[in-house]
**Student:** 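Take this structure first; my questions come after.
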Amino acid sequence: MNFVEEGLVKAQSRGQDIILRYPPEPNGYLHIGHAKAFSISYGMRCKYNGKANLRFDDTNPAKESMEYVEGIKRDLDWLGVEYDQVLFASDYYEKLYQCAIHLIKRGVAYVDDSTMDEIKAMRGELGVPGKPSPYRNRSVEENLDLFQRMRAGEFPDGSRVLRAKIDMASPNMNMRDPVLYRINRQAHYRTGNQWCIYPMYDFAHSLSDYIEHISNSLCSLEFEDHRPLYNWCVEQCQGALPNLPAIPPEQYEFSRLNIERFVMSKRWLKRFVDEGLVSGWDDPRMPTISGMRRRGYPAKAIMDFVRSTGITKNVMTVPLSALEFYVRSELDQCALRVAVVENPLKVRIVNYDKNETFAVTNNPHDEAAGTHAISFSNEIWIDGSDFSDNPPPKYKRLTIGGVVQLRGAYKIKCLRRVGDVLECEITDEKAKGVIQYVNARDCAPVTIRSFEPLLKEGTDLSDENINRDSIHESQGYAEKWLAERNDVSLKYQFVRKGYYVLDQKDKLVFNKTIGLREGF
RNA sequence: AGGGGUAUCGCCAAGCGGUAAGGCACGAGACUUUGACUCUCGCAUUCGUAGGUUCGAAUCCUGCUACCCCUGCCA
C-alpha cells in the first residue's frame with residue numbers, strides 16, 4: 001500500500017466517503033503525463049468505491065476555452081477514465097467571492113494597491129524575509145469597501161489585488177501574503193464579462209475541494225509547498241458557506257511522469273501547434289492523448305503503461321521502450337495481420353506460372369479473427385530489409401542461395417540477382433525464416449508516411465533540440481484490398497521490433513509483421 | 001542561500017528490524033509460416049555515503065553528499 005492509499009484509508013477510518021477530483025485546467029489538450037495523474041485518482045476511486053468529479057480548474061480566463069474542455073472530456077472518455085460529475089471552478093465564483101469576504105471580515109485578507117513589481121520586491125528572496133506592504137493593516141471596513149469595488153469594476157486591471165495576511169517572513173514563499181484575487185477584464189469562456197476579478201489557484205482550488213466535500217486531493221509534487229496554504233484557506237473559511245463538510249480535505253502529492261526525450265510541457269506543445277510545426281494537438285507525433293490515439297496506440301496500452309509506473313515521490317524518467325512494450329502487447333492481441341512492403345524489391349519466380357490464392361490467418365492469437373485471402377503469382381514484391389547480399393551471421397531472411405518461407409505461400413530459394421530483380425525458384429528445402437510478400441500483379445502502390453514522436457535531443461528544451469525530422473515517406477505496395485480501403489496512402493508509426501502502426505483517416509492501424517487493427 | 005522533497009539493479013518499483021519481490025531493458029537458449037508472440041535460464045552478497053544502536057539494519061539514530069521543487073496579479 002502506497003502513501004496515497006494510506007491517506008484514503010485514513011479518511012475512511014474517520015468515516016469520510018471517498019470523494020476525489022480530477023482538476024485539469026482547460027488550457028490545452030491532455031498528454032500522457034496527465035493520463036498518469038488521472039489514472040491514479042481513477043484507480044483509487046475504483047478500489048475504494050469512491051466518487052470522482054471532473055472539475056475544470058478554470059480561473060484564468062486568458063488561457064482557457066470550451067474547445068479544451070471538450071477535448072479533455074473526449075480524451076478521458078476514450079481512455080475509459082470515469083467520473084461522477086462534471087463541474088467547473090467557474091461555477092463557484094460567487095461562493096468563492098463570499099469566502100473572500102469572510103476572510104476580510106476575519107481580518108486575514110487585505111486589498112493591496114501595490115504594483116506587481118512592488119509586491120515582488122517586498123516578497124523578499126529565498127532565505128531573506130519579505131517586508132510587509134504599506135496596505136497590510138487597512139481596516140476591515142476599508143478592505144471590504146475596496147474589495148467590493150474591485151468586483152464592481154471600479155479599478156483598472158492590475159491596480160489592486162486581494163492578499164491573504166499570513167507571514168511575510170515565512171520560509172515558504174507561498175505563505176508570504178499570497179495573492180488571492182486579481183483584477184482582469186478578460187472575457188471568460190463560461191462567465192463572459194460577468195466578473196472582472198478572478199480567484200487565484202490556491203484559493204480557488206482548496207475551496208473548490210472543500211465545497212465538493214473532497215476527502216483526498218491528489219496532485220503532483222510541485223504542489224507540496226502549497227499544502228500549508230491549501231490548509232490555511234480551508235481552515236480560515238470554516239463556516240464561511242453553508243454545507244461545508246466537518247472534515248476538511250487533505251492534499252497528497254506524488255511525482256509526475258516523465259518519459260525519456262518526450263516533450264511534456266503544455267507550453268511547448270501549444271507552441272508546436274501555434275507555430276504550425278504539427279498539424280494540431282492530435283498530430284500523430286504529439287505526446288498528447290489525441291495524438292497517440294491517431295497513432296494507433298490503444299487506450300488500454302496507455303492506461304496499463306501509466307499504471308505500471310507506480311505512485312511514489314521519486315523523480316522518474318521512464319524509457320520510451322516501456323511505453324512501447326504495452327503498445328506492442330496490446331496490439332499483438334488485436335491487430336489483424338496483413339502484408340505491406342515498404343521498400344519494394346522485385347522477386348521473379350522462374351519455375352512458377354500460375355495465379356493462386358492462399359488463406360492466411362488474421363491474428364494468430366485469435367482464431368475468431370478468421371483468415372483473409374492473399375494472392376500469389378510469379379512476380380512478387382518483398383521488403384528490401386528481407387534480403388541481404390552480404391548477410392550478417394544468423395541472418396534468417398533471404399540471401400543469394402538461401403531459402404526462405406513466404407508467409408502463407410511457398411518456400412523460395414534465391415538463385416541470382418539480375419539487375420533490380422531477384423530470381424528465385426520454389427523449393428522444398430528447409431527455410432531459415434519467414435517473410436511477407438505482396439503479389440506484384442495484384443497489389444496497389446501506396447505512399448507510406450511514417451511518424452516518429454516529437455522528441456527532444458537532450459534534457460533541455462530549446463528550438464534546436466527538437467527533432468523536426470519526424471515524418472518520412474516512401475513508396476511501397478500493399479495487398480490490394482487493404483490499399484483500396486486506405487485510399488492508397490498509409491501512415492504508420494514505428495513501435496520497434498518490427499511493429500508498424502498505420503493510421504489512415506483515423507480508422508486503421510497497421511502492423512508491419514503485419515497487422516491491421518480496426519475501429520479505434 | 002532559507003524552505004519543502006527524494007535517494008533500493010541501466011529504467012520503473014516492492015520492502016516498514018529477521019537476513020534484497022516483480023516489470024521494462026539487456027544477454028544466452030528452446031519453440032515458431034511474423035527475427036513477433038510464448039517458454040527457459042541469467043542479470044543488486046547489496047539498498048547515495050560515513051559512522052552508530054542491535055544477536056541481527058535497506059528498514060532505527062547521527063553526520064555528510066547528490067538530485068528535484070519554490071521568489072507569477074499561471075495552474
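Reminder, nothing fancy here: chain letters follow the sequence lines and each chain counts from 1. What's counted below: heavy atoms across the whole structure, side chains too, no hydrogens, waters or symmetry copies.
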**Student:** For a quick check of understanding: with a heavy-atom distance under 4.0 Å over all strands, which category does Glu224(A) fall into, base, sugar-phosphate or nothing?
**Tutor:** sugar-phosphate
**Student:** What contact category does Gly433(A) fall into here, base, sugar-phosphate, or nothing, at under 4.0 angstrom with non-hydrogen atoms?
**Tutor:**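 Since no nucleic acid heavy atom lies under 4.0 Å of Gly433(A), the category is nothing.
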**Student:** Please check: side-chain N/O of Arg261(A) versus main-chain N/O of Lys456(A), any donor-acceptor pairing under 3.5 Å?
**Tutor:** yes
**Student:** Base, sugar-phosphate, or nothing for Val161(A), non-hydrogen atoms under 4.0 angstrom?
**Tutor:** base
**Student:** Has Thr191(A) got a side-chain atom pairing as donor or acceptor with Gln194(A)'s backbone, closer than 3.5 angstrom?
**Tutor:** no
**Student:** For a quick check of understanding: with a heavy-atom distance under 4.0 Å over all strands, which category does Thr59(A) fall into, base, sugar-phosphate or nothing?
**Tutor:**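 Touches sugar-phosphate only.
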**Student:** For Lys396(A), answer base if it contacts any base atom (sugar-phosphate contacts may also be present), sugar-phosphate if it contacts only those atoms, and nothing otherwise; contact means non-hydrogen atoms under 4.0 Å.
**Tutor:** base
**Student:** Under 4.0 Å, counting only non-hydrogen atoms across every strand here, what does Tyr181(A) touch: a base, just sugar-phosphate, or nothing?
**Tutor:**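 No contact at all - Tyr181(A) keeps every heavy atom at 4.0 Å or more from the nucleic acid.
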**Student:** Heavy atoms from C-beta onward define the side chain here; which of C70(B), U33(B), C74(B) lies closest to that of Arg407(A)?
**Tutor:** U33(B)
**Student:** For a quick test of reading the model: is some side-chain N or O of Asn314(A) closer than 4.0 Å to OP1 or OP2 of U6(B)?
**Tutor:** no
**Student:** With sugar-phosphate meaning primed atoms plus P, OP1 and OP2, does Phe223(A) contact a base, only sugar-phosphate, or nothing at under 4.0 Å between heavy atoms?
**Tutor:** base
**Student:** Which is true for Thr312(A) with a 4.0 Å heavy-atom rule: it touches a base, it touches only sugar-phosphate, or it touches nothing?
**Tutor:** sugar-phosphate
**Student:** Return yes if some donor-acceptor pair links the side-chain N/O of Ser208(A) with the main-chain N/O of Ala89(A) below 3.5 Å, else return no.
**Tutor:**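 Between the backbone of Ala89(A) and the side chain of Ser208(A) there is no qualifying donor-acceptor contact (under 3.5 Å).
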**Student:** Look at the side chain of Tyr395(A) and decide which nucleotide, out of G35(B), A13(B), U71(B), has an atom nearest to it.
**Tutor:** G35(B)
**Student:** Side chain of His365(A), heavy atoms from C-beta onward: which of C12(B), C37(B), A7(B) has the nearest atom to it?
**Tutor:** C37(B)
**Student:** What about the rings of Tyr198(A) and Tyr181(A), do their centers lie closer together than 6.0 Å?
**Tutor:**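 Not under 6.0 Å, so no.
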**Student:** Taking any heavy-atom pair under 4.0 Å as a contact, classify Thr361(A): base, sugar-phosphate, or nothing.
**Tutor:**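 Result for Thr361(A) = nothing.
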**Student:** Any strand is fair game: report the nucleotide pairing with A14(B) by Watson-Crick or G-U wobble, both distances under 3.5 Å, or none.
**Tutor:**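 Partner of A14(B): none.
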**Student:** Categorize His226(A) for me: base, sugar-phosphate, or nothing, with a 4.0 angstrom heavy-atom threshold over every strand shown.
**Tutor:**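 Contact class for His226(A): base.
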**Student:** Does a distance-only test, which skips hydrogens and angles, find a donor-acceptor pair under 3.5 Å between the side chain of Arg227(A) and the base of G4(B)?
**Tutor:**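 No.
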**Student:** Taking any heavy-atom pair under 4.0 Å as a contact, classify Asp225(A): base, sugar-phosphate, or nothing.
**Tutor:**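 Result for Asp225(A) = base.
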**Student:** Look at the side chain of Ser321(A) and decide which nucleotide, out of G23(B), C24(B), G2(B), has an atom nearest to it.
**Tutor:** C24(B)
**Student:** Figure out the CZ/P separation between Arg163(A) and G72(B), and round it to whole Å.
**Tutor:**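 Rounded to the whole Å, the gap is 12 Å.
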**Student:** Sub-3.5 Å donor-acceptor pair from the side chain of Lys165(A) to the main-chain atoms of Arg136(A), do we have one?
**Tutor:** yes
**Student:** I want to check one thing: is the phosphate of A25(B), taken as OP1 and OP2, less than 4.0 Å away from some side-chain N or O of Arg328(A)?
**Tutor:** yes
**Student:** Find the partner of C73(B): check Watson-Crick (N1-N3 plus N6-O4 or O6-N4) and G-U wobble (N1-O2, O6-N3) distances, both under 3.5 Å, and reply none if neither fits.
**Tutor:**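 Base-paired to nothing in any strand shown.
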**Student:** Taking the P atom of each, how far is C73(B) from G5(B), in whole Å?
**Tutor:** 23 Å
**Student:** Can you tell me the distance, in whole Å, between the CG atom of Asn172(A) and the P atom of C69(B)?
**Tutor:** 16 Å
**Student:** Under a 3.5 Å limit for both distances, which nucleotide forms a Watson-Crick or G-U wobble pair with G35(B), could you say?
**Tutor:** none
**Student:** Please classify the nucleic acid contact of Pro23(A) as base, sugar-phosphate, or nothing, using heavy-atom distances under 4.0 Å.
**Tutor:** nothing
**Student:** Go through the side-chain N and O atoms of Tyr29(A) and Glu67(A) and say whether any donor and acceptor fall under 3.5 Å apart.
**Tutor:** yes
**Student:** With a non-hydrogen cut-off below 4.0 angstrom, is Ser220(A) in contact with a base, only sugar-phosphate, or nothing?
**Tutor:** nothing
**Student:** Check the chi torsion on G29(B) and let me know: syn if it falls within 90° of 0, anti if not.
**Tutor:** anti
**Student:** Which base sits across from G63(B) as a Watson-Crick or G-U pair, both distances under 3.5 Å?
**Tutor:**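 By the stated definition (distances under 3.5 Å), U49(B) pairs with G63(B).
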**Student:** Classify the nucleic acid contact of Ile119(A) as base, sugar-phosphate or nothing, counting any heavy atom under 4.0 Å across all strands shown.
**Tutor:**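 Contact class for Ile119(A): base.
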**Student:** Can you tell me how far C1' in A66(B) sits from the matching atom in U49(B), rounded to whole Å?
**Tutor:** 10 Å
**Student:** Can you tell me the Watson-Crick or wobble partner of G27(B), both distances under 3.5 angstrom?
**Tutor:** C41(B)
